[in-house]
Structures are given as C-alpha cells and as structure tokens.
Trainee: 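What follows is a single structure, and I will ask about it in a moment.
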Amino acid sequence: MSARRTDDSGIVVIGLGRFGSRLAGSLAHLDHDVLAIDRNPDRVQHWSARLDRVVQADSTEENVLRQIGVADFRRVVVAIGASVEASVLTVLALAELGIPQIWGRATSEKHAKILSSVGAHHVIFPEAETGERVAHLIVSKMLDFVEFGDDFAIAKVRVPRTMVGRRLRELTPADRYGVMVVGAKLPGEPFRYAGPDTVLQADSVLVVEGSISQVQRFAALG
C-alpha cells in the first residue's frame, strides 16, 4: 500500500449527482486533483469526459476504497444523496481507513447526526450550499465564505498566528494580502466592527473582504 499523501492537492468526491458533480467540477477548476467515484456506470461514463479520474465502485466497501487508492487522500467528500444507508456506510468505511477530513452530505438533521456519529468531521446541506462555495471551504482554512460577482468575496477566518497581539493599524496591505478586515469576534465578546486600534487576539475570528485570491491567501496564514 502506498504512503498517505502529505499535500492537500488531492480530493475524493464520492457520488456524482447534481451536487457532487458540481462540487467535483469546482474543485477541478480550482486546480485540485480530483478522484470522483460513483457506482452508477452511466454517470461514470458521462463524467469521464469532463473529469480527469472517474471510477465506478461501491464506496460502502472499505476494501474497495483501499484498492482504488482512497486511503492515500487526506480529504474525501461523500456527496451521495439518493441513499442515506449508502452515505452512512461510506462515511463509516472512510473512518475505518483513517481519512483525516471527511465531509458528508446530509439530507436532514437526523441524517447529519448519524454522519457525525460514524465519523464525518464536517456535514453539509446542499439545499443551503452551492458546490462552488463548499469547494472553497474544503480547500482553504476559511470558516465561512460568500462569493459575489466580479471576483469579490467575504469570509470568516481565524487570526493568523503572526498577527496575534498586533493592532490593525500596524498591519500593512502586504501583511493582509490586500484584504480589508471588516470586523472581529474576540473570545468571550460580541462581534464588533474593526477599527485601527482593534487588537488581534488568539482564537479570534475575523470577517474580511477582498478578491477571492486575496481572501484565500490571507486565510492560509492561519
């Protein structure tokens, strides 16, 4: 068996329905290596022309996932929506493989609780999330993300370690990668709009705005 990947470029997407296929396409557009899996041969054939690697397999079987190399990835998204049983068994199999980050698609609150109980680290609800938004959250350290038109985004990020204890006035545009810090949620305090004298504290959450690339680079500092 090959060693687990140490980089964050590779992502597995299991389930190529409407949400899963859009998510896989968004991740590929962001230049990430995507391994897509679906048990439906028609879907596999359809998406083989659009994604680099698409495999037909039963994702509920741990041995099958191991054979196709899923254990070598750090991040896996279970986007199965047609079968709650299949999604739960898939998350369980991934947990048995020791995947560090398992994202599970839930169709209800009860489904979400089950996914969390069997090993999902993050639960998403496609009805409230777009594939593009989830793709950005998966590949970055952002806590939340809203994309607007014309390459503009607002995100929640943790204070980068190198900025803890500093006032906003001390940070140059280069320090912030060009983003504007709009507000800060300090530990034990309510959200406040940020000003020049706001001191960045450890474990604080910032609301920042800027271009998508600027926001992503700033979030990566955390």
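Keep in mind that what you see is a predicted model, and the values were worked out from it rather than measured.
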Trainee: Tell me who clusters with Val64, hydrophobic residues only, linked when side chains sit under 4.5 Å apart either directly or through other members.
Mentor: none
Trainee: Does Arg192 have any side-chain hydrogen bond (donor to acceptor under 3.5 Å, both in side chains) partners at least two apart in sequence or in another chain, and if so, which?
Mentor: Glu189
Trainee: So, using side chain to side chain contact (heavy atoms under 4.5 Å, CB included) as the criterion, who are the partners of Gln214 when residues are at least two apart?
Mentor: Val179, Ser211, Arg217
Trainee: How about Glu170: does its CD atom have over 12 heavy atoms from other parts shown lying under 6.0 Å from it?
Mentor: yes
Trainee: Does any part of the side chain of Arg74, heavy atoms only, come nearer than 4.5 Å to the side chain of Ile99, both counted from C-beta?
Mentor: no
Trainee: Can you name the residues that form a side chain to side chain contact (heavy atoms under 4.5 Å, CB included) with Ser204, not counting sequence neighbours?
Mentor: Val159, Leu186, Pro187, Gln201
Trainee: Ion pair present between Arg66 and Glu62, side-chain N to carboxylate O less than 4.0 angstrom?
Mentor: yes
Trainee: Restricting to salt bridge (charged side-chain N to carboxylate O under 4.0 Å, His left out), what partner residues turn up for Asp42, sequence neighbours left out?
Mentor: none
Trainee: Quick test of your reading: applying ring pair (Phe, Tyr, Trp, His ring centres under 6.0 Å), list the pairs with at least one residue in residues 39-59, sequence neighbours left out, ordered by first then second residue.
Mentor: none
Trainee: Report the residues that fulfil side chain to side chain contact (heavy atoms under 4.5 Å, CB included) with Thr162, sequence neighbours left out, ordered by chain and then residue number.
Mentor: Pro160
Trainee: Holding to salt bridge (charged side-chain N to carboxylate O under 4.0 Å, His left out), I want the full list of residues that pass it with Glu209, two or more places apart in sequence or in another chain.
Mentor: none
Trainee: Please, which pairs that meet ring pair (Phe, Tyr, Trp, His ring centres under 6.0 Å) have at least one residue in residues 182-217, sequence neighbours excluded?
Mentor: Phe191-Tyr193
Trainee: Using the test side-chain hydrogen bond (donor to acceptor under 3.5 Å, both in side chains), find all partners of Thr60 that sit at least two apart in sequence or belong to another chain.
Mentor: Asp58
Trainee: Side chains of Ile14 and Ile80: closer than 4.5 Å at any heavy-atom pair?
Mentor: yes
Trainee: Residues in side-chain hydrogen bond (donor to acceptor under 3.5 Å, both in side chains) with Arg18, at least two apart?
Mentor: none
Trainee: Only counting residues at least two apart or in another chain, list the ones meeting side chain to side chain contact (heavy atoms under 4.5 Å, CB included) with Glu85.
Mentor: Ser83, Leu89
